[in-house]
There are 2 protein chains.
Amino acid sequence: MLTDFNRLKVFYTIYRHKSAAAAAREMYISQSAVSQSLGKLERELKTQLFVRLHKKLVPTSAAGRLYEIIEPFVRNLEGGLAWLEAEKSGPRGVLRIGAPVEFGSRNLVELVAAFRKKHPAVFFEVALGHPDMLLPRLAAGELDFIFADIFPGRGARNLPPFTVSPVLKEKLVLACSAGYYSARLGGKLTPAALAGCEFLDYSQGQTALLNWFRHHYDKSFPGLKAVLTVESVQAILNAIKGGLGLGIVPEYLVEAELKAGSVKAVRTGRPELLNRISLVRLKGKAAAPAEKAFLENF
Amino acid sequence: MLTDFNRLKVFYTIYRHKSAAAAAREMYISQSAVSQSLGKLERELKTQLFVRLHKKLVPTSAAGRLYEIIEPFVRNLEGGLAWLEAEKSGPRGVLRIGAPVEFGSRNLVELVAAFRKKHPAVFFEVALGHPDMLLPRLAAGELDFIFADIFPGRGARNLPPFTVSPVLKEKLVLACSAGYYSARLGGKLTPAALAGCEFLDYSQGQTALLNWFRHHYDKSFPGLKAVLTVESVQAILNAIKGGLGLGIVPEYLVEAELKAGSVKAVRTGRPELLNRISLVRLKGKAAAPAEKAFLENF
DNA sequence: TGTCAGCATAAGCGTTACTTAACCAATGAT
DNA sequence: ATCATTGGTTAAGTAACGCTTATGCTGACA
């Protein structure tokens, strides 16, 4: 590659003016410096770039070609720097956020919608997925911050480069329709009776269900019959209401139905399982105004 | 604009490796120098470009944006420099040539065709037009060289930046078909009889005809009846053979017809008018291999 | 013909980018 | 645990090289 990029800038300025003196004036340096810089560049490229005509530098075809390469770069650069400047003046630009599927498609989009009312110059790129996929992307700089079910204490042991702050706690209940409840469980909530039911979950791994059972019975229940797997809270909710089986949903989403009795939650006496979402950011990363404004809510 | 382009090169290298140490190794400078350069760039832009993660530099979104600007530039630059290098190794690239309409569309294209047989990597841009239009373009660096009816002595007085070398001399004759000749001129070649004829010329200004008359009679004949104006020697030739009138053509093109008697040339006793074409180049301009090879013919 | 503007070159200086060195932090091997 | 290793930062001194000043040259213009 070329050794000295600054000579290209000098060349660029000369070319625009077809004059070293004019270029020198524009750059606030001496004409001699410009001349020397050009000479060095020509010697470096072993190519004549200008024909010295009296009071004028006439570009050769090589110079023309070189200029065609540099000109768009300078233009883009100026635009880019102006954009950087603008981003510092107030909330604008792109925010790249990662989130778990459920949280991302439910809570996050609401937040985004509300935020964009106030700051329409901010755009969003939301990546949904498991924290195991999202954390590496955060660490690689592909995301500005992520939401994940990781907590400051446990689990954050081997993540020193991240700052983790709790953001949201919501109770998760195992629920089904009133009809399903009376037909399949009818009062006797033994683990065995439960385990024989039909289940709804968000992923093939049944992580949501497994967590729920471990939390309530300190025991894992492999081989649950997952009759429906779909990565959508709304879909699970509808499946529950339709009497397909038992599924995990945030309690507040079925509050009305629970009160009315059309949906039943499985209660074990223990406190409900909590879905704890944390905000995870790169330690030491400065937040642009857009990011700062968005995170003020938390 | 940005003050220092070289810092951008350092940034570019860091970004590719996500590491200052690796960048330093690639650039054969110390890791400390890289770190300092990056620090200065960030301070200059007042923007954090990398998050310092242990043993890794994680780019911020600003860095990503900056990289998107620099990367294509570097790619284009490398390509361009390679191209420059290739041009020096042998005849290739683009040759931008100016020429008078007649010469350009007749002789030049033949030369180009022959040349491209030997050097197919050379492309041509031919600009046809009057020397008055072509000379400024040559002086502005838009053309590599031009052909023009300018001569080393006369006319080249106020053109010190150009080198002019004669290239071609051809006799120009005023000719018509044998039929037209006997019907309209029939032996008596008085200027008055001539002036009353029908004429064919290449341009509205009748420069070819005016030159011919001035050369042979030291007198201008305004108001000649130009029954056909077309910028094509071939067309004029056909018009002559078709008996439309009198037109100027290079003598060698009608040699066979003159000998056979099917075409007649108007002879005044004076030596024929010469069409003298010179090669005009910018003084001090180095010729690339392609240019050198092409001009060897002259 | 003299004056002016622009480019090239030489020499010396001054800025600044680079090196060296010391320090810190995180990682992984012993 | 502990230590060696690697990478990044910072400070200070040095050396390079880009800039300035000065001079000479050439062509344009009045």
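Residue numbers begin at 1 in each chain, while the letters A, B, ... track the order of the sequences.
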Here the distance between atom P of C/dT9 and atom CD of A/Glu42, to the nearest Å, is 10 Å

Looking only at the aromatic ring of each residue, does the gap between the centers of A/Tyr12 and B/Phe5 stay below 6.0 angstrom? no

A/Arg7 has an atom CZ; how far is it from atom P of C/dA17, in whole Å? 14 Å

State plainly whether the residues B/Glu71 and B/Arg16 are in salt-bridge range, i.e. N to O under 4.0 Å. no

Any carboxylate oxygen within less than 4.0 angstrom of a Lys/Arg side-chain nitrogen, looking at A/Asp4 and B/Lys9? no

Every protein N/O lying under 3.5 Å from an N/O of nucleotides 3-9 of chain D:
{"residue": "D/dT6", "atom": "O4'", "partner": "B/Lys55", "partner atom": "NZ", "Å": "2.7"}
{"residue": "D/dT6", "atom": "O2", "partner": "B/Lys55", "partner atom": "NZ", "Å": "3.1"}
{"residue": "D/dG8", "atom": "OP1", "partner": "B/Ala20", "partner atom": "N", "Å": "3.0"}
{"residue": "D/dG8", "atom": "OP2", "partner": "B/Ala21", "partner atom": "N", "Å": "2.7"}
{"residue": "D/dT9", "atom": "OP1", "partner": "B/Arg52", "partner atom": "NE", "Å": "2.1"}
{"residue": "D/dT9", "atom": "OP1", "partner": "B/Arg52", "partner atom": "NH2", "Å": "3.2"}
{"residue": "D/dT9", "atom": "OP2", "partner": "B/Ser35", "partner atom": "OG", "Å": "2.4"}

salt_bridge(B/Arg52, B/Glu42) N-O dist < 4.0 Å: yes

Is the positively charged end of B/Lys292 above the ring of B/Phe294, judged by distance under 6.0 angstrom from the centroid and angle within 45° of the axis? no

Round to a whole Å and report the spacing from CD of B/Glu44 to P of C/dT16. 11 Å

Nucleotide C/dC7, atom P - distance to CG of A/Leu49 in whole Å: 15 Å

Please state how far atom NE2 in A/His17 lies from atom C1' in C/dG6, giving the value in whole angstrom units. 14 Å

Roughly how many Å is it from CE in B/Met27 to P in C/dT19, rounded to a whole number? 11 Å

Looking at A/Arg281 and A/Glu291, does any basic side-chain N land under 4.0 Å from a carboxylate oxygen? yes

What is the distance, rounded to the nearest whole Å, between atom NZ of A/Lys283 and atom P of C/dA25? 13 Å

Can you measure B/Asn6 atom CG to C/dA17 atom C1' for me and round it to whole angstrom units? 10 Å

